[in-house]
Amino acid sequence: MPNSVPHILVIDDQFGWSLESRRDLCLSFGIADETGDDIRPEIINNAVARARYCSGQLRGNNTLENSLPTIMAAVKKGWPHSSGWRWALILLDIRFVSGTLGPEGVSEGKPGDSEFGIQALKALMEFDSDLPVVVLSSRDRGAVIEDCRRAGALGFIQRVQYETDEQSPRKALVENIELNGLISDNRILLDENNRIVGSSLAIAKTLRAARRAATGTGNVLLLGETGTGKELLARYIHDVSPKSAGPYIVFHPFGSATDLQEDELFGHVKGAFTGAVSDRRGQFELANGGTLLIDEIGDIPDNLQKKLLRPIENRTICQQGSSNELQLELAMILATNKNLYDYVSMGRFEQDLLNRISAFPIRIPTLRERLDDMPDLVYCLLDRICLKSGSRWPRKVLPETLAELRQMDWPDHIRGLRNTLEQAVKNNRDSELLLPDDIRDTMGRLETKALVQHKTQSLRIDGGDLQGLIQSISEFQVPDSYDELQGCLSVVKEAMGDLLIRLLRACIDVTRHRSPGRIQNGDVNLAGAVSCMAGKRLTTSQAADLVKQLSKLDESVAEAWSLLDRELGSIIKDAIRLRTRRKNTTKRSDSD
Amino acid sequence: MNYWQNITLERWLDCRDKIQHDWFKNRYLVFLQARWKMLDKALASGAVFPPEMIATILEWESKREPMRNMIERTIDALRPSHLLDIYPLTELPSKVREELGTLADEEYQQKTKLLVRQEKLLKLFDEVDHCYCIIVKRASATGTADECSFERFFKNCVEFDAAIASLPRDLPLVWIGEYDIEED
């Protein structure tokens, strides 16, 4: 369980108003009531969550009215809260009893009461589909779960259940927080220097995906640029999985020569080859009962990719030189910074292998996608750096310094941040403050070194960054005067058309065919190029259709490019000439 | 008119929501779930229960009768023949409506085994009520009582509640084909 107790919101008419019922619920579920309106809240030992309660209703003159704005206000207060935390889970009731209050102080009910919860759920999902909403209901699960799932709920908790060794309300809540909740979790992995730091929404979602993958039986594929922390996340998955008591083994293809990688993974028996003087267990066997991480799976050589198909599918291996099959019991995590779909289109990665490893793909956010974590990351890294170097710890990081750090690009992500801070500490050993200038000076020095090639999702256009371009477009201030807007369509179309054609050219260049000897011979791979651009696998006719659409965005631009670039010109012309198959033609064989 | 006479589906569902859902499950069972351990300890040691807890336990007294009535009216309420009171089925000749209604009710009860479920519900209700009476007798120290505990009471209540929850919540009317009504 994470170190800090998560905050949850309970939206329920009964528990919002009735303090006796609320105390009972808190006791059953192990929740501490933080709402602040109960002078005698139930004292809970080892609370699994800190809850605030919202009735979802407004009290009028002897009436209760269901109120969406009341619910939205309560949700927004903790999304995120002014002190930085955000709701880990929102428990939402389905039936909210409203109307005139009877003699016993109970509402008579109105039509629509049984549907108000679903209405509220839809409104919450429209506000932010990342909200972790779980239905807390006393209705029969089968009756409501389908409607709730469709409306966006992540799970369901019965408010009453008979306690056994296997189940209890408290256990049900803990399980829901772990599977569906957005919680930071900075448990120690491996050692004090290794923990996942941060509480941003991006990292909370990643950790949630990791916990879900850890409880499954399929292979986990971690996708992330270099320096984003794939190995740390792999370790986290192992630590929260049922196999956490078993070994954790990491295989790096770059750690050994290509011809030795097979031996490293599969091991050998004595006499398997010259020099095999004794049996040797490979990484697969060493990880039996635990977890094996194969890092940089995209860089595994072709011959080894084929040999991995069986172990990855059914955990069966043969040591080199042996015909005996070993059945293993282990969890497998594969990690890469490559776009494997592109690699498949380019013929550099086996489609069958991709199918087997992508049961649970998890994308790790870049540092720019989790800038909210910057203060936590900076303090944690500074702590380690100073401890390691024996430097005086900068006691304070100025807000201006954090702002400066947030502005930076971070192509090397957390690794880059660590390098920057290391340099800054080294250059200001006895300083008690980390100033913006310390960072600027350090960045200036780093930029004079050779730039790192980024092979993954970031694309460079004329020295710029595609992500940066998209950000500029989204932040662009649209003019509001007639004169400025007049004729804007043709200008924008021309620019967009030009950009798209240039992107196509870049994709064509990176996806040229390989000959059987695996040397690029320059043939254009249209399907591969357009698949790369689209980010998914396309057939040749789908690729041609897409090229047609691109060229039609601004035909004058397409024509201009065709004159400048003969190869591109003929690709576009060929795509335009291809006709889509008519629906009433006789069906041909699948090989078409 | 007695509320329970000629009970319609709508009234029965409303009653079920108020008694079983809003009170029994949302209030009574939530209370028992949280407190049965503490209550059993008090029962065993002869300690005094806090007054607000006694009040909650005794809520069963006032809900007992409406709960039983609701169960006893299950078959009456869940009759497809009620749907013949909805236009345009009301336009059918009365003899046809009567025969169709009887046939639909029999068919429905055969398929849902509603009578068997109602009998089981009444049995479960009696077990809950019996357990309640014993506990209250023990707690008030009047007369002798068989062994019973709040844990058993809670367990019986959960089983009873699950049985009610499994009853149908609606009688959907499905239109098949087109239906023309000749205007006069």
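Small disclaimer: the values here were computed from a predicted structure and weren't measured. Labels below follow one simple rule: chain letters A, B, ... track the order of the sequence lines, proteins then strands, and each chain is numbered from 1.
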Exercise for review: Inspect the surroundings of CD in A/Q167 and state if more than 12 heavy atoms from other residues, nucleotides or ligands are less than 6.0 Å away.
Suggested key: yes
Check your understanding: Applying a criterion of heavy atom separation less than 4.5 Å, what residues of residues 10-20 of chain A form contacts with chain B?
Key -> A/Q14, A/F15, A/E20
Review point. Quick check: are there more than 12 heavy atoms from other residues, nucleotides or ligands sitting under 6.0 Å from CD of B/E10?
Key: no
Check your understanding: For A/N62, does the CG atom sit with more than 12 other heavy atoms under 6.0 Å from it, leaving out its own atoms?
Key -> yes
Point to revise | More than 12 heavy atoms from other groups under 6.0 Å of NZ on B/K155 | key: no
Exercise for review: Take atom CD of B/E52 as the centre, draw a 6.0 Å sphere, and report whether it contains more than 12 heavy atoms from other residues, nucleotides or ligands.
Suggested key: yes
Exercise for review: Tell me, for B/V30 versus chain A, whether the close heavy atoms (under 4.5 Å) come from the side chain, the backbone, both or neither.
Suggested key: both
Check your understanding: Roughly how far apart are B/M53 CE and A/D24 CG, rounded to 0.5 Å?
Key -> 7.0 Å
**Study point:** A/E42 portion near chain B, given a 4.5 angstrom heavy-atom threshold
**Key:** side chain
Review point. Between the main-chain N or O of A/S137 and the side-chain N or O of B/K25, is there a donor-acceptor pair closer than 3.5 Å?
Key: no
Exercise for review: Starting at OG of A/S114, measure out to CG of B/D17 and round the result to the nearest 0.5 Å.
Suggested key: 5.0 Å
Check your understanding: Are any of the side-chain heavy atoms of B/V158 and A/V160 separated by less than 4.5 Å?
Key -> yes
Check your understanding: chain B heavy atoms under 4.5 Å from A/V97: which part of the residue, side chain, backbone, both or neither?
Key -> side chain
Exercise for review: Report the distance from atom CD of A/E108 to atom CG of B/D14, rounding to the nearest 0.5 Å.
Suggested key: 10.0 Å
**Study point:** Residues of residues 32-39 of chain B near chain A, each having a heavy atom less than 4.5 Å away
**Key:** B/Q33, B/A34, B/R35, B/K37
Review point. Is the number of heavy atoms from other residues, nucleotides or ligands under 6.0 Å of A/E65 CD greater than 12?
Key: no
Exercise for review: Show your working on side chain to side chain contact (heavy atoms under 4.5 Å, CB included) between A/R159 and B/L29 and close with a plain yes or no.
Suggested key: CA-CA 9 Å; A/R159 65 178 76 199; B/L29 291 188; over 6 Å; no
Practice item. Measure distances from B/F31 to the heavy atoms of chain A and classify the residue's part below 4.5 Å as side chain, backbone, both or neither. Key: both
